[in-house]
Every structure is written in structure tokens, then in C-alpha cells.
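Accompanying notes for the structure given below.
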Amino acid sequence: MNAPLPPLLPRDFFDRPVDEVAPALLGQVLRHRTPDGDVAARLTEVEAYAGPLDPASHAYRGRTARNAVMFGPPGHAYVYFTYGMHFCMNLVCGPDGTSMAVLLRAGEIVAGEDVARERRPRSSVRDLARGPARLCQALGIAREQNGLDVCAPDGSLTVHAGEPADPALIRTGPRTGVNGAKEVPWRFWIDGDPTVSPYRPHVPRQRKKSVPTRGGR
DNA sequence: TTTAGGATAGTCT
DNA sequence: GACTATCCTAAAT
């Protein structure tokens, strides 16, 4: 039922610096095969994390049990759990050990839309994969997919050569307030694509709870 | 329409 | 103990 997908991206594709891989990923197709069915998304928004140079990177403070995949060879998925309920997915790139990765922030569902809808019944079609955690939910990506080789021909989680995004439509946005690798643009997205989330100004999360210092409850 | 705040659990200091 | 590369809902306009 599903149309045959284009060939896999070679590992070579990921064995480059993040600022090359990230924009090149726009328009490529991420597919996840599950017992529920196959779902594929065309990537429309990504964000680069330059390893130890980026204070916001999980790799900034060195290798830990959680981020170990980032320090491995390129072409692998780094999936992490955050905010107590969400998963986000990165693609490791750069030479082995450099801990660079690209966060997949948004995509457009191009196959398996019915399956994705079942997973996110309350989402409009446009919102199915609009956001890093939504993308993972729509594709059924969770902790089990951490460390998977997305270049493996028989792999369940793979990246395929999609129609590359028009270079004229690729926009970049450096993050304000982050130093190190200043000339590297951090965000990449396809201008005008409805599945790209609107730019959100750097909003530090404010703590809500006051500490219950005095006895009580 | 925009904005604000709550929820949730794994990870690191 | 405090933080997080987030999402969803409710309330206000």
C-alpha cells in the first residue's frame, strides 16, 4: 500500500559538521516501521547542536550514560526522554566521538497519516508532527529507538532521500545569548511551510511553585 | 486570537 | 533538590 520509498541516505551524509548536515536534512524523509504500520515524515525544521561548543547541548558537560549515543558514530538516533512525558529525537552527525547532533523539530506526515492520527487523535493534520515531541509521538518513536542505526538497509527507523528543500526557502536563525560557535546558525527551517512552528522568542521557563518550607501542606 | 501556567519523571549537581 | 532541546488546556481579550 505504501509507495516504495527513495533510497536510504548514506552514512557519509551524516559524517559532516552539523551546519552542513542540518540544512541538508530539510526535505528528507524519516520513516518508522512499527506493527501498527509505517509512518513517514518529511523534515521541515531542525536544530543543530555542536557538541561541547554549545552550552545547550546535552554533550556540553561531557559523556554520560544518557548521551552516550551522541559520542558514537554518525547516522544513529539519539532519543531522550524529557519533561516527564515527552521524547525528542536527534540524528548524530560528524566524525565518531565529536558528539554533534541535529534535533528534529518538525515534519510533514507524508505516509501513514491514518496511523499518526490514531496516535494523536486530537491533532489537526498540520499539527501531527509540528514540534519535536509531537514528531516522535506521531512516528511512534520512544526510548526503544535510542541508538538505532538510521542507515541500516533493514532498519526500522530510516532516513530516505526526499525531495531536497529549495535552498532559497531555507532559513536560518542563530540563537541569541549563546556563545561559542557564533558563526554557526542553529535553527534551520523551510520558509512558508505550514508545519514549521512559529519562531518562539527565547522564553526562559519561570518557576511556578513556591517552596513549601513551612510545614505544610 | 494570544498568553500563562500545570503536568511529569529521568538526569545531573 | 532543581533542572529540562515540551505540549496541552484554560482563561482573557
Side-chain angles (χ1 to χ4, degrees), chain A residues 18-19 21-23 25-26 30 41 43-71 76-94 98-107 109 116-147 172-181 184-189 194-217:
Chain A
V18 276
D19 56 325
V21 178
L25 274 172
L26 295 175
L30 174 71
L43 301 177
T44 57
E45 182 183 0
V46 299
E47 187 163 317
Y49 285 85
L53 295 181
D54 182 4
S57 172
H58 284 182
Y60 182 57
R61 285 180 278 172
R63 185 183 182 278
T64 66
R66 177 172 62 152
N67 64 21
V69 176
M70 290 182 86
F71 289 80
H76 288 249
Y78 168 47
V79 181
Y80 65 90
F81 185 70
T82 190
Y83 286 96
M85 52 183 123
H86 295 303
F87 291 97
C88 295
M89 173 177 171
N90 303 252
L91 289 172
V92 179
C93 59
T98 50
S99 73
M100 297 188 285
V102 177
L103 171 70
L104 310 184
R105 293 196 60 89
I109 301 297
R117 270 181 168 172
E118 287 175 12
R119 293 184 177 135
R120 299 183 45 80
R122 299 178 136 190
S123 277
S124 67
V125 176
R126 189 187 70 164
D127 287 346
L128 278 176
R130 192 161 84 133
R134 294 169 175 177
L135 177 70
C136 285
Q137 194 177 357
L139 291 189
I141 294 169
R143 181 185 263 243
E144 298 83 40
Q145 277 68 46
N146 185 38
T172 70
R175 254 157 77 172
T176 59
V178 175
N179 66 4
V184 178
W186 297 94
R187 296 169 184 261
F188 301 83
W189 69 92
T195 63
V196 175
S197 54
Y199 174 71
R200 265 163 67 160
H202 186 246
V203 181
R205 117 192 5 80
Q206 32 195 347
R207 287 185 306 215
K208 48 220 168 138
K209 268 187 211 168
S210 44
V211 259
T213 53
R214 310 177 245 161
R217 104 75 174 273

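Chain letters run A, B, ... following the sequence lines, proteins first and then strands; every chain starts at 1.
Here C:dT6 is the nucleotide among C:dC8, C:dT6, C:dT9 with the atom lying nearest to any side-chain atom of A:C88. Taking only side-chain atoms of A:H86, from C-beta outward, the nucleotide of B:dA7, C:dC7, C:dA5 with the closest atom is C:dC7.
At whole-Å resolution of the value, NE2 in A:H58 and P in C:dT4 are 10 Å apart. Atom CG in A:L53 sits roughly 17 Å away from atom P in C:dA5 (whole-Å rounding).
Both thresholds, 5.5 Å between centres and 30° between ring planes, are not jointly met by A:Y83 relative to the base of B:dA9, so the two rings are not stacked.
Residues passing the side-chain contact (heavy atoms from CB on, under 4.5 Å) test with A:R61: none are found, sequence neighbours excluded. Contacts of A:A22 classified as side-chain contact (heavy atoms from CB on, under 4.5 Å), with partners at least two apart in sequence or in another chain: A:V46, A:A48, A:V102, A:F188. For A:N146, there are no side chain to side chain donor-acceptor pair (under 3.5 Å) partners, not counting sequence neighbours. Taking A:A133 as the reference, A:H86 meet the side-chain contact (heavy atoms from CB on, under 4.5 Å) condition, with sequence neighbours excluded. For A:Q145, the side-chain contact (heavy atoms from CB on, under 4.5 Å) partners two or more places apart in sequence, or in a different chain, are A:H32, A:V79, A:I141, A:A142, A:L148, A:L157. With sequence neighbours excluded, the residues forming a side chain to side chain donor-acceptor pair (under 3.5 Å) with A:R119 are A:T34, listed by chain and number. Here A:F87 pairs with A:F81 under the ring pair (Phe, Tyr, Trp, His ring centres under 6.0 Å) rule; sequence neighbours left out.
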Under-3.5 Å N/O pairs linking protein and nucleotides 10-13 of chain B:
from, atom 1, to, atom 2, distance (Å)
B:dC12, OP1, A:T64, OG1, 2.4
B:dC12, O3', A:R61, NH1, 3.0
B:dT13, OP1, A:R61, NH1, 3.0

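A:E47 CD to A:W189 CH2: the interatomic distance, rounded to the nearest 0.5 Å, is 10.0 Å.
Under the side chain to side chain contact (heavy atoms under 4.5 Å, CB included) test applied with A:M89, the options A:L135, A:L103, A:L30 reduce to a single match, A:L30.
Between C:dC8 and A:R120, a contact under 4.0 Å exists linking OP1 or OP2 to a side-chain N or O. One finds a side-chain N or O of A:R134 lying less than 4.0 angstrom from the OP1 or OP2 phosphate oxygen of C:dC8.
Nucleic acid contact class of A:M89 (heavy atoms, under 4.0 Å, all strands): none.
Consecutive Watson-Crick or G-U pairs involving DNA chain C, each under 3.5 Å on both distances, make up stems of three or more pairs at B:1-7 with C:6-12, B:9-12 with C:1-4.
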